[in-house]
Amino acid sequence: MKETNNGLGSCPAPVFPRDAIVLGHGSGGRLTRRLLDDVILPAFQNPILDSGHDAAVIEAGGARFAFTTDSYIVHPIVFPGGDIGDLAINGTVNDLAMCGARPLYLSAALILEEGFPMEALHRVVHSMRRAADAAGVLLVTGDTKVVDRGKGDGVFINTSGIGVVPGHVRIDPSRAAPGDVVIVSGAIASHGMAIMSVREGLEFESPIESDTAPLNDLVAAILAVAPDTHVLRDPTRGGVASALNEIAAKSRCGIALNEDAIPIDPATEGACEILGLDPLYVANEGKLIAIVAPEEAAAALDAMRGHPLGLRAEIIGEVTARDPGIVVMKTRVGSTRIVDMLSGEQLPRIC
C-alpha cells in the first residue's frame with residue numbers, strides 16, 4: 001500500500017488499523033492529524049477550534065485571552081535536565097506564549113497510580129512549583145485522582161492555562177506569507193534525545209539534557225522589536241518538521257529550509273544517527289519557531305540571540321509561494337528533499 005505525497009510522487013508508508021488507537025495517533029504527525037480531522041474536530045467544530053493554534057484565542061469583556069490544555073505522560077518521569085513536573089508547567093506556559101499571550105494562571109490534574117512513591121510525588125510537585133515561579137504564573141486550581149495498581153504508569157499530569165493577549169498581537173499559523181523568514185531559537189532535538197539516551201543507556205562525552213524551559217519571556221523580547229510577528233510555534237511532538245508542515249498547510253504556502261543552517265548539538269546528532277532517527281522529527285520543549293516578515297527578521301533574530309534561551313537562534317529558511325502546503329529542504333549535499341509529516345511514532349511517551 002502506498003500513500004501519495006501531495007501529487008509529487010508516492011512512497012511506502014506503514015499501514016495502521018483504522019478500527020483502534022495505536023501509539024502513532026499520539027505522535028503529533030500524520031496519524032494525529034487524521035485522528036483530529038476524522039473524529040475529534042468534526043464533533044466540536046467551531047471557528048476558534050478550527051484556527052489550529054497552540055491555544056484558543058478568545059474574547060471576553062473587551063479583552064483577548066489565550067486558553068490551552070495539555071497532558072503529560074513522559075517515560076521515564078525523571079530525565080536529564082528535568083522531570084514530568086517542570087515539563088507540564090513549561091509546556092502549557094509555552095502554548096500560551098505561542099499565541100503572544102502573557103501567561104497568568106494554570107490548573108493541574110494529577111492521575112496517580114496506587115503504589116507511586118510519596119518521595120517521587122514530592123519531587124514532581126516541588127518541580128512544578130519551581131517552574132511556575134520561574135515562568136511567573138500561579139497554579140490556582142486542580143484535581144487529584146488515584147487509579148488501581150497496574151492501571152496507570154506512576155503519574156500522568158494534565159495542565160491548563162490562561163493568559164492575556166495584547167490587542168496589537170495577531171499571531172496565527174495562517175499568517176505565514178511568501179517572503180517571510182523562518183527562525184529557530186536554538187539547537188533542536190535535545191529533549192527527545194535526552195529521554196531516549198536514558199531509555200537506551202547511551203552515554204556521551206557531552207551529556208544530552210532536555211531543553212525544557214518557559215518561553216514567555218523570550219516571546220516578549222521578540223514582540224518588543226517585531227510586533228507584527230506572523231507565527232510562533234513550539235515544535236514539541238513531531239518536532240520541527242511536523243510544526244512547519246502544519247503551518248504550511250494552514251497558510252497554504254510552501255516552506256523552504258536549509259539543512260546547513262539548522263542548529264543541533266553534536267551529541268544530539270550522534271544519538272540520532274545511532275538510533276536511526278531524524279532530528280527534524282524529534283520533540284523539543286524549550287525551543288520555538290518564529291516566522292516573521294523580512295523587514296522585522298534582523299531585529300527578531302538579534303532579540304532572540306540577546307536572550308539566554310535564544311543564544312543559538314538561526315534563520316533556517318523562508319516561506320515561499322512555490323509548492324503550497326509542502327516543506328522542502330536543501331540538504332548538505334546540495335540536493336532537495338521533501339520534509340513530510342511524520343507517518344507513525346518515532347518516540348513514544350516523550351512528553
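Positions are given from 1 along the sequence.
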Any side-chain heavy atom of Pro173 sitting closer than 4.5 Å to one from Arg233? yes

Nearest heavy atoms of Val93 and Ala135, plus distance in Å: CG2-CB, 3.9 Å

How long is the gap from SG on Cys253 to CD1 on Ile326, to the nearest 0.5 Å? 12.0 Å

Would you say Leu288 and Met98 make side-chain contact, with heavy atoms under 4.5 Å? yes

Side chains of Met128 and Asp86: does their closest heavy-atom pair fall under 4.5 Å? no

Would you say that Ile289 contacts Leu244 through its side chain, given a criterion of any heavy-atom pair below 4.5 Å between the two side chains? yes

Apply side-chain hydrogen bond (donor to acceptor under 3.5 Å, both in side chains) to Thr236 and Asn284, showing your working. CA-CA 5 Å; Thr236 53; Asn284 311 268; over 6 Å; no

Between Asp50 and Gln45, which heavy-atom pair has the shortest distance, and what is it? OD2-CG, 3.4 Å

Can you find a side-chain donor-acceptor pair between Asp70 and Thr92 that sits under 3.5 Å? no

Could you measure the distance from the CZ atom of Phe67 to the CD1 atom of Ile162? Nearest 0.5 Å is fine. 7.0 Å

Test item: Val74 and Leu87 side chains (from C-beta on) under 4.5 Å apart, heavy atoms: yes

Looking at Gly239, is its backbone amide N or carbonyl O close enough to the side chain of Ser242 to form a donor-acceptor pair, meaning the two atoms are under 3.5 Å apart? no

Arg64, CZ: over 12 other non-hydrogen atoms inside 6.0 angstrom: yes

What distance do His191 atom NE2 and Phe79 atom CZ have between them, rounded to the nearest 0.5 Å? 5.0 Å

Rounded to the nearest 0.5 Å, what separates atom CD1 in Ile40 from atom CZ in Phe44? 8.0 Å

Rounded distance (nearest 0.5 Å) linking atom CG of Leu104 with atom CG of Leu138: 8.5 Å

Would you say the side chain of Thr159 lies within less than 4.5 Å of the side chain of Ser107, judging by non-hydrogen atoms? no

Flag side-chain contact, heavy atom, 4.5 Å: Glu296 against Pro227: yes

Short side-chain donor-acceptor distance under 3.5 Å, Thr69 and Asn158: yes

Min side-chain heavy-atom separation Val147-Glu114 under 4.5 Å: no

To the nearest 0.5 Å, what is the distance between OG1 (Thr336) and CG (Leu257)? 11.0 Å

